[in-house]
Amino acid sequence: MKKFSPLTTRRQLLLSGAALALLPATRALAKSEPASLAPRPQAKSSRPADGKKIVMLDPGHGGVDSGAVGKEGSEEKHIVLEIAHNVRQQLGQHSHIEVRLTRESDHFIPLAERVEIAHQHGADLFMSIHADGFTSPSANGASVFALSNRGASSAMARYLSEKENAADKVGGVKVQSDNPYLQQVLFDLVQTDTIKNSLTLGSHILKQIRPVHHLHSQHTEQAAFAVLKSPSIPSVLVETSFITNPEEERLLGTTAFRQKIASAIADGIVSFFAEFDRHNQRPG
């Protein structure tokens with residue numbers, strides 16, 4: 001049984017200070033966004049009064065950023081939005097979980113803002129959903145990634161993280177430089193615990209996907225995905241399949257497969273929260 005790592009009071013105070021430090025950068029980012037960006041979803045109250053756990057699903061790409069494109073013309077941004085809606089429907093059967101999406105339609109959201117949306121909603125868990133591509137059409141299978149601040153765990157993880165992190169350039173957003181204070185304090189004191197919990201979440205997701213779809217990697221990979229850089233929310237990126245693989249592109253285009261992979265993801269989330277409940281701890 002994996003040990004969960006609760007955050008200390010001191011680390012929560014550090015997060016509060018970091019949030020204040022991030023405000024100017026967030027405002028600057030908003031001013032630099034192209035006028036074509038759609039309105040952002042407004043955050044609800046940070047925590048539901050009934051104590052439900054909040055899951056923030058992030059359908060990758062959107063708007064001007066189509067994501068990976070299959071040989072038959074399938075676009076990643078549409079497929080992952082459909083899968084996210086299916087995951088929300090599956091999790092809707094559990095009264096103790098509330099699901100929210102970073103985007104409900106086909107519009108672009110900068111990577112840092114996706115993380116910020118999760119924080120605004122007081123999310124207990126963040127999951128970015130993708131169906132990515134690779135240079136070789138033979139690449140196949142599902143993968144789950146957590147953040148790494150020590151380098152990528154594989155060449156594929158490095159390739160995919162660099163590819164995903166380039167999404168802001170596609171959307172015309174100027175990437176803000178990292179705050180050295182956040183690097184030194186949050187990564188060292190807070191994010192190490194969060195990454196441990198993210199790896200545990202990843203193992204639960206992989207366990208549920210394994211019986212229903214081929215895995216590209218049998219364990220949770222790690223790389224410096226910008227969208228996973230929440231200092232306090234367990235976060236993973238799920239590659240449901242490779243859209244550049246002809247067979248998997250066909251699978252992703254079917255309602256049956258999208259529902260099957262969504263069901264596995266939902267079951268992994270429920271299993272993850274159940275383990276936390278057994279330890280009487282709240283993630284993040």
Side-chain angles (χ1 to χ4, degrees), residues 1-16 43-58 83-102 115 117-129 142 144-147 186 189-212 215 218-220 222 227-238 240 259-284:
M1 180 86 57
K2 293 182 176 65
K3 183 178 179 181
F4 292 96
S5 303
L7 301 179
T8 63
T9 302
R10 179 181 176 220
R11 290 172 183 174
Q12 293 289 9
L13 290 173
L14 287 172
L15 282 177
S16 300
K44 301 178 182 179
S45 57
S46 60
R47 297 295 308 169
D50 55 9
K52 288 184 178 180
K53 293 180 174 64
I54 297 177
V55 172
M56 180 62 66
L57 299 179
D58 173 48
I83 292 174
H85 283 305
N86 288 339
V87 175
R88 177 165 63 180
Q89 183 179 27
Q90 293 284 339
L91 289 175
Q93 302 173 20
H94 300 271
S95 59
H96 65 295
I97 296 175
E98 182 174 332
V99 181
R100 301 172 187 175
L101 272 61
T102 55
V115 181
I117 290 171
H119 279 275
Q120 290 173 356
H121 284 258
D124 295 287
L125 181 155
F126 177 90
M127 177 182 292
S128 193
I129 301 176
V144 179
F145 297 87
L147 181 67
L186 294 181
L189 295 180
V190 179
Q191 210 155 39
T192 298
D193 289 344
T194 303
I195 290 174
K196 289 179 182 178
N197 291 337
S198 299
L199 289 169
T200 300
L201 170 59
S203 68
H204 280 271
I205 302 299
L206 287 170
K207 183 179 180 180
Q208 297 299 325
I209 293 178
R210 188 175 288 112
V212 301
L215 294 179
Q218 296 295 318
H219 63 276
T220 306
Q222 290 183 263
V227 78
L228 300 182
K229 289 187 176 181
S230 166
S232 59
I233 304 172
S235 305
V236 295
L237 184 147
V238 178
T240 56
Q259 291 179 340
K260 182 169 66 174
I261 202 75
S263 180
I265 290 171
D267 289 344
I269 291 173
V270 172
S271 175
F272 172 72
F273 281 139
E275 187 168 347
F276 258 107
D277 288 343
R278 287 195 294 270
H279 288 77
N280 295 315
Q281 296 176 355
R282 174 181 170 268

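Numbering starts at 1 and runs along the sequence shown. The figures here come from the full heavy-atom set of this structure, side chains too, leaving out hydrogens, waters and symmetry mates. None of these values were measured; they are calculated from a predicted model.
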**Q** Any side-chain heavy atom of Lys53 within less than 4.5 Å of one from Asp277?
**A**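 With C-beta onward as the side chain, the pair touches.
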
**Q** How long is the span from the CZ atom in Phe273 to the CG atom in Leu125, to the nearest 0.5 Å?
**A**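 If I round to the nearest 0.5 Å, the distance is 4.5 Å.
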
**Q** With rounding to the nearest 0.5 Å, note down the distance linking NE2 in His119 to CZ in Phe126.
**A**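 Rounded to the nearest 0.5 Å, the NE2-CZ separation comes out at 9.0 Å.
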
**Q** With rounding to the nearest 0.5 angstrom, report the CE to CD1 distance, Met127 to Ile265.
**A**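 One finds 5.5 Å between CE of Met127 and CD1 of Ile265.
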
**Q** Just how far is it from atom NZ of Lys260 to atom OG1 of Thr240, taken to the nearest 0.5 Å?
**A**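 Going from NZ on Lys260 over to OG1 on Thr240, the span is 12.0 Å.
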
**Q** Which heavy atom of Val212 sits nearest a heavy atom of Ala264, and at what distance?
**A**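 For Val212 versus Ala264, the nearest heavy atoms are CG2-CB, 4.0 Å.
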
**Q** Looking only at heavy atoms, what is the nearest atom pair of Leu57 and Ala84, with distance?
**A**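 Scanning both residues, the minimum pair turns out to be CD1-O, 3.5 Å.
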
**Q** Please name the pair of heavy atoms, one in Pro234 and one in Thr194, separated by the smallest distance, quoted to 0.1 Å.
**A**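 Shortest heavy-atom separation between Pro234 and Thr194 comes out as N-CG2, 3.8 Å.
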
**Q** Over all heavy atoms of both residues, which pair between Leu215 and Arg210 is shortest? Give the atoms and the distance, please.
**A**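 Taking every non-hydrogen atom into account, CD1-NE, 3.6 Å.
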
**Q** Walk me through it: do Val99 and Val87 pass the test side-chain contact (heavy atoms from CB on, under 4.5 Å)?
**A** CA-CA 9 Å; Val99 181; Val87 175; 5.8 Å; no

**Q** For the residue pair Ala262 and Asn86, what are the closest heavy atoms and their distance?
**A**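 Where Ala262 meets Asn86 most closely, the heavy atoms are CB-CB, 3.4 Å.
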
**Q** Got a donor-acceptor contact below 3.5 angstrom from the Thr220 side chain to the Val144 backbone?
**A**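 Flag not set: sc Thr220 to bb Val144 has no pair under 3.5 Å.
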
**Q** So which atom in Ala266 and which in Gln90 form the shortest heavy-atom distance, rounded to 0.1 Å?
**A**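 Scanning both residues completely, I find the closest heavy atoms to be CB-CB, 3.6 Å.
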
**Q** From the options His94, Arg100, His96, select the one residue that forms a side chain to side chain contact (heavy atoms under 4.5 Å, CB included) with Glu98.
**A**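 Filter result, single survivor: Arg100.
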
**Q** Tell me whether Ser271 contacts the main-chain N or O of Asp267 through its side chain, where contact means a donor paired with an acceptor under 3.5 Å.
**A**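 Judged by distance alone, no pair lies under 3.5 Å.
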
**Q** Working to the nearest 0.5 Å, report the span between CE of Met56 and CG of Asp124.
**A**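 Between Met56 CE and Asp124 CG, I get 10.5 Å after rounding to 0.5 Å.
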
**Q** Ignoring hydrogens and geometry, is there a side-chain-to-backbone donor-acceptor pair from Ser230 to Val115 under 3.5 Å?
**A**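 Flag not set: sc Ser230 to bb Val115 has no pair under 3.5 Å.
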
**Q** For the CG atom of Leu147 and the CG atom of Leu199, what is their distance to the nearest 0.5 Å?
**A**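 Answer rounded to 0.5 Å: 9.5 Å.
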
